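First comes the structure, then the notes that go with it.
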2 protein chains.
Amino acid sequence: MPIYSRFLNELKAKDIQRVSSGQLGKSLNITAAQIRSDLSYFGSFGQHGYGYRVDELLEHIRHILGMDKLHHLILVGAGNLGRAIASYGSFRDRGFAIQGIFDSNPLLEGNFLSGCIIQPVSKLEEYLAANRVDIGVIATPRDASQDICDRLVKNNVRGIWNFSPIHLIVPQGFIVEHMHLTDSLLRISFKLREIEQRREETK
Amino acid sequence: MPIYSRFLNELKAKDIQRVSSGQLGKSLNITAAQIRSDLSYFGSFGQHGYGYRVDELLEHIRHILGMDKLHHLILVGAGNLGRAIASYGSFRDRGFAIQGIFDSNPLLEGNFLSGCIIQPVSKLEEYLAANRVDIGVIATPRDASQDICDRLVKNNVRGIWNFSPIHLIVPQGFIVEHMHLTDSLLRISFKLREIEQRREETK
DNA sequence: TAGATTGTTAATCGATTAACAATC
DNA sequence: TAGATTGTTAATCGATTAACAATC
């Protein structure tokens, strides 16, 4: 779904108003049937004999992905990675706003980071009691992350975006998305080894 | 596979020497059959009636994932995200070493970043001709990324680790791994909307 | 030998694809 | 009406799981 969203945005930027599942599939390397099946799961957005109106479909997908409402985020961990995430612009203008930043390092306390004052992690519960938070971003060192996660869950933060290299456990009804850099890199390494082997075999 | 690797490392840290597919499955929330099937694809690493020796299995998996050899990386784009990646320690000690850093901003030129001098992007080809590079890390703005990707591919850099918010196209025989922050965030948003809906329905 | 657990085969399940009637 | 393309059903494919013989 996010892939469709991105591609339709590109089409819109090119002022293309109409697209068929066949064209979409060709561009995205997916079968046309797959696309029609994906979309029809959420409703009937196309027109027989015509295809899909780009802007209409985009609106539907934005709604499905929840891009049509504001999400309140907080960030825990203002190290290298945390700072990079906080400064990252691409999702701010998609309705995802970091509204609180926490770090355990007292030296960082009080510093500004992309419009937020860095607060001590001990203030987390206080903040959560007073403010609505949809998604907690965890960019702490490995040892701290499950504890932070538990504290977020306990205060009913439903979505966890995890950048720490730990497989976080959350109860049913909560969502974790892992951004495991090392795992991603290992997947490359794994696939490189595969193609390397295949090349040697065909030699 | 990376998940197994991480978990086995934890077991090893706890000095546990032996594990069965049943135990593994329980901890990782996978069926035992799945695990045995995954592993047997690469060989027979277990012992009948006993299970798997943690350190042996770990060695096999490290080999499968290519963690037993050094990978030469370069980083293109030394902005917020690029700097965070360069400073990230977790993969350096897994054999992934960033050995060249490039940025188009002349102000950054000559600066040090985690042991490397930042070079102008125009020197990319020169560097690639003189040095072996396995994986190119792309952390440039969206407009530059496909161009950089093409230049890496042209110089036979087989693996591309993409942090820019673009779906990069590479020819057959090359590998791209996308770290699309926004997509990941949208998946959370999507799932949050789902559980929200389910909760409303059961009300 | 009895107990445990693998590696693998066969059965099940779900997801992808092809095909086509519906319809703009 | 003829042409195009959807939404959906039925067929295919692949991946997951259960079951069990092999064996330590």
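Residue numbers begin at 1 in each chain, while the letters A, B, ... track the order of the sequences. Since the structure is predicted, the reported quantities are computational estimates derived from the model, not experimental observations.
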Contacts satisfying salt bridge (Lys or Arg N to Asp or Glu O under 4.0 Å) that involve residues 170-181 of chain A (not counting sequence neighbours) are A:E177-B:R187, A:E177-B:K191
Residues of residues 26-56 of chain B with any non-hydrogen atom less than 4.0 angstrom from an atom of DNA chain D: list those, numerically ordered, please. B:T31, B:A33, B:Q34, B:R36, B:H48, B:G49
Counting N and O atoms only, with roles assigned by atom type, does the side chain of A:S20 sit under 3.5 Å from a partner on the main chain of A:G51, one being a donor and the other an acceptor? no
Considering only NZ, NE, NH1 and NH2 on the basic side and carboxylate oxygens on the acidic side, decide whether B:K154 and B:D150 come within less than 4.0 Å. no
Are there more than 12 heavy atoms of other residues, nucleotides or ligands under 6.0 Å from atom CD of B:Q17? no
Please say whether more than 12 non-hydrogen atoms of neighbouring residues, nucleotides or ligands are located less than 6.0 Å from CD1 in A:I169. yes
So, is B:S21 close to the C:dT5 phosphate, meaning a side-chain N or O under 4.0 Å from OP1 or OP2? no
Whole angstrom value for the distance that separates P of C:dT5 from CG of B:L24: 12 Å
Could you check, using the six-membered ring where one of them is a Trp, whether A:F96 and A:W161 have ring centers closer than 6.0 angstrom? no
Mark yes when over 12 heavy atoms from residues, nucleotides or ligands other than B:L70 sit less than 6.0 Å from its CG; otherwise mark no. yes
Shortest non-hydrogen contact from B:V157 toward B:G136: CG1-N, 3.5 Å
Given a 3.5 Å cut-off on both pairing distances, which stems involving DNA chain D, each at least three consecutive Watson-Crick or G-U pairs, are present, if any? C:3-24 with D:3-24
